[in-house]
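Below: one structure, written as structure tokens.
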Number of protein chains: 2
Amino acid sequence: MSRAETPRRGSRSGRAGIRDVAAAAGVSITTVSDALNGKGRLPDATRRHVREVADRLGYRPSAAARTLRTGKSGLIGLTVTTYGDEPFTFTEFAYFAEMARAATSAALARGYALVILPATSRHDVWSNVALDGTVVIDPSDQDPVVSELVRQGLPVVSDGRPAGALPVTAWVDNDHEAAVLGILDHLADAGARRIGLLTGTSTDTYTHLSTTAYLRWCERVGQDPVYEAYPAHDPCAGAVAADRLLARPDRPDAVYGLFDPNGTDLLAAARRYGLRVPDDLLLVCCSESAVYATTEPPITTLSLKPRRIGTAVVQLLIDAIEGVESDQPVEQVIPTELIVRTSSERRSPRTTVSPPRSPEEG
Amino acid sequence: MSRAETPRRGSRSGRAGIRDVAAAAGVSITTVSDALNGKGRLPDATRRHVREVADRLGYRPSAAARTLRTGKSGLIGLTVTTYGDEPFTFTEFAYFAEMARAATSAALARGYALVILPATSRHDVWSNVALDGTVVIDPSDQDPVVSELVRQGLPVVSDGRPAGALPVTAWVDNDHEAAVLGILDHLADAGARRIGLLTGTSTDTYTHLSTTAYLRWCERVGQDPVYEAYPAHDPCAGAVAADRLLARPDRPDAVYGLFDPNGTDLLAAARRYGLRVPDDLLLVCCSESAVYATTEPPITTLSLKPRRIGTAVVQLLIDAIEGVESDQPVEQVIPTELIVRTSSERRSPRTTVSPPRSPEEG
DNA sequence: TGACCTTGCAGAAACGTACCTGTCAACGGG
DNA sequence: CCCGTTGACAGGTACGTTTCTGCAAGGTCA
């Protein structure tokens with residue numbers, strides 16, 4: 001009977017809703033919504049008045065209600081591969097941190113926020129969050145997460161060229177083959193005769209492409225491949241593998257390490273075997289870390305440009321979400337950057353004897 | 001007129017809703033909801049049947065609708081300080097990555113996901129995501145973000161003891177004063193006569209507490225403070241500051257660096273000045289990075305145990321969200337760990353002669 | 001003076017779920 | 001035979017928005 005009378009239970013428990021604002025401003029809900037969202041045909045006076053009342057009441061629109069109504073949540077998934085229970089690994093620290101940082105910035109700049117999600121197919125977490133789209137880092141072939149997302153009609157952009165026929169919306173990657181070939185040529189130019197590789201045992205695209213490129217290069221120049229593979233997610237295995245590589249009878253005189261910590265691991269191993277860098281051993285590793293600028297000697301690194309990748313991935317994803325007909329291609333190759341430092345600099349002639357340490361000679 | 005007749009437009013565009021499942025299973029919406037959520041009093045047969053139909057239709061409950069109804073989103077904010085446009089900095093890389101990793105794992109294990117948010121007061125992003133609570137990393141005094149969140153009635157747990165009277169629900173931190181004092185004593189024990197500090201110019205709690213502790217220690221032992229401060233968010237400034245510190249007329253014979261890259265920076269600076277570590281200069285820095293295990297020489301580091309902090313913070317937050325009367329205190333101090341390596345090991349006899357290493361003497 | 005458009009706003013229908021409040025049958029006990 | 005109880009479900013409302021549709025009031029033009 002007195003249904004039309006109920007006074008909204010006096011603004012209910014806590015937060016003010018749009019109804020409260022409407023009542024306080026003496027207008028309708030529609031008017032409040034339009035005023036706050038800059039829509040509709042309202043005179044500026046009304047708009048200002050509503051905004052002022054909303055501010056006074058401390059009104060914050062309910063994200064859940066808005067999402068339910070509009071179908072857009074403003075959330076982007078950032079899916080990272082997991083090893084065991086842990087998302088991303090030691091070996092990916094700097095890369096991931098840089099990439100995530102750039103992605104976060106780019107998303108924020110366009111009004112989106114990032115949700116970190118594991119690549120495991122734990123439904124309960126995935127289905128508990130309303131995503132507008134997802135960034136997948138280095139998806140494995142036939143990734144169940146990606147398939148599920150695509151099935152739901154969500155745009156998926158991949159960091160790393162998708163293996164197989166994974167139906168992603170777009171992807172961004174480096175040209176890993178070209179990068180490896182470039183490094184090998186660089187090392188050969190610096191005088192390397194036998195170049196070794198420190199690689200991983202996992203089957204992700206990065207490891208696979210890089211290793212394949214190395215093997216092809218070896219075949220082309222007629223060098224026997226010299227490499228050690230180890231489980232890259234194990235923080236200790238790298239040092240052991242580096243040691244093993246330098247302990248081989250066919251010890252390489254130059255090494256490229258695919259993972260971030262390989263530089264220090266190889267440097268330590270070289271010291272154990274009394275090898276001087278770069279005189280006896282040329283060194284390059286793939287890393288985003290700044291420490292290699294100040295090691296003794298500084299180590300040449302390959303940067304995969306995670307900032308640019310993180311930014312590009314997010315831009316592509318948001319373009320897809322918003323239906324923007326981007327003029328960017330949906331497959332972007334970001335160039336890598338070889339930062340040449342002492343560890344791979346043309347060594348002094350093989351035959352000459354050089355003093356073990358001469359700080360003046362810098 | 002045929003209003004009661006409308007057949008739900010034939011399962012609408014795309015996704016199946018709970019209504020579609022109910023229709024397909026020949027039961028009511030309530031029954032579907034109860035069956036899937038394990039509530040109500042339903043015979044197992046019905047429960048199974050509903051679940052099966054839901055699976056067949058590929059039904060995924062709408063996160064937005066559930067959030068709107070229940071008031072819980074399953075999302076936790078991870079708020080990071082921003083410097084300019086970028087969230088977190090170079091100097092915090094390893095710490096943040098470890099911390100975020102542990103936090104992500106812990107949240108996931110309890111069915112929550114993490115949203116990365118900037119500490120800027122950009123309302124539009126904050127209000128667009130429905131959070132159940134927030135982790136704030138090292139909030140500054142009078143942080144507007146924290147105040148706003150608390151005003152909304154959301155639990156806020158802080159990584160880092162909140163400055164001033166910031167009304168957080170709980171916090172987790174190291175005992176930074178104790179850590180610094182421990183390191184200074186450790187260096188003094190190793191023979192240091194004048195210990196320098198490499199610190200930051202920012203006003204965050206970590207920097208402030210650590211610097212204060214250093215100054216107090218100096219006063220206590222009667223040493224003149226020798227320190228250089230630099231803007232820690234600038235990736236290049238550290239090297240310059242390290243150089244400046246070692247170029248001083250009152251050059252210290254031991255240095256503690258508050259930030260992660262200080263180790264390599266100080267090592268490089270020491271080399272430039274022909275100082276041997278640890279013989280001429282003892283070195284310790286605060287870092288989570290593994291590279292310091294394999295530098296030449298290996299550098300003693302202080303670990304703030306970001307894994308434990310990340311886990312603890314999330315546990316406290318979720319306990320608060322779920323109203324669990326946790327037996328954990330709401331103010332937790334996580335012990336730091338000093339990983340002693342060569343760079344701070346008792347140098348060759350200055351006055352007393354003691355064996356460089358005596359593992360028996362424990 | 002209508003016919004017609006514009007302005008300024010209100011009503012009400014979704015969005016998809018969770019849960020409170022029935023309803024109806026079966027059943028057991030007095 | 002009646003009444004209370006319990007099991008198994010259905011109806012309907014509310015969550016807080018956005019937005020489509022509608023409707024007066026006022027102005028313009030033929």
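Proteins come first, then strands; the chains are lettered A, B, ... in the order of their sequence lines, and each starts at number 1. Atom set for the values below is all heavy atoms of this structure, side chains included, hydrogens, waters and symmetry mates excluded.
- Comparing dA10(D), dT17(D), dC15(C) by their closest approach to the side chain of A65(A) singles out dT17(D).
- Closest contact between the side chain of R19(B) and the listed nucleotides dC9(C), dG16(D), dG16(C) involves dG16(C).
- In this structure, L68(B) places its CG atom 17 Å from P of dT13(D), rounding to the nearest Å.
- The phosphate of dA18(C) has OP1 or OP2 within less than 4.0 Å of a side-chain N or O from R66(B).
- Taking only side-chain nitrogens and oxygens, S28(A) comes nearer than 4.0 Å to OP1 or OP2 of dA10(C).
- Per the geometry, OH belonging to Y59(B) stands 10 Å off P belonging to dG16(C), to the nearest Å.
- L36(B) has its CG atom 12 Å from the C1' atom of dA18(C), to the nearest Å.
- Atoms CZ (R60(B)) and P (dT17(C)) sit 12 Å apart, rounded to a whole Å.
- When side chains are defined from C-beta on, Y112(B) counts as touching D132(B), because their heavy atoms get closer than 4.5 Å.
- Checked against dT17(D), dG16(C), dA10(C), the side chain of V27(A) finds its nearest nucleotide in dA10(C).
- Side chains of S33(A) and T30(A): no donor on one and acceptor on the other come within 3.5 Å.
- Dashed line: the shortest gap from a side-chain N or O of T31(B) to OP1 or OP2 of dA8(D) is not under 4.0 Å.
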(Q) Working note: T134(B) + I76(B), criterion side chain to side chain contact (heavy atoms under 4.5 Å, CB included); need CA distance, chi angles, decisive distance, verdict. (A) CA-CA 5 Å; T134(B) 308; I76(B) 290 177; 6.0 Å; no

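- Taking the nucleotide of DNA chain D with the nearest heavy atom to each of G26(B) and R69(B), the more 5' of the two is matched to G26(B).
- Using a 4.0 Å heavy-atom criterion, one finds that T70(B) contacts the sugar-phosphate atoms exclusively.
- When rounded to the nearest whole Å, the span between CZ of R41(A) and P of dG26(D) equals 16 Å.
- Between the CG atom of N37(A) and the P atom of dT19(D) there is a distance of 7 Å, rounded to whole Å.
- As a whole-Å value, the separation of I18(B) CD1 from dG11(D) C1' is 14 Å.
- No contact: T67(B) has no heavy atom under 4.0 Å from any strand.
- You'll find a donor-acceptor pair under 3.5 Å spanning the side chain of T30(A) and the base of dT19(D), going by distance alone.
- Residue contacts shown for D34(B) are absent, as no nucleic acid heavy atom lies under 4.0 Å away.
- Note: NE2 (H49(B)) to P (dA8(D)) measures 16 Å, nearest angstrom.
- Residue K39(B) places no side-chain N or O under 4.0 Å from the OP1 or OP2 atom of dA18(C).
- Checking the phosphate oxygens (OP1, OP2) of dA18(C), a side-chain nitrogen or oxygen of S33(B) falls inside 4.0 Å.
- If you check every strand for non-hydrogen atoms under 4.0 Å, I29(A) touches a base.
- Taking 4.0 Å as the cut-off between side-chain N and carboxylate O, E148(B) and R60(A) count as a salt-bridged pair.
- Residues R110(B) and D319(B) are paired through a salt bridge, judged by an N-O separation under 4.0 Å between the basic side chain and the carboxylate.
- With hydrogens and angles disregarded, no donor-acceptor distance shorter than 3.5 Å links the side chain of D159(B) to the backbone of I137(B).
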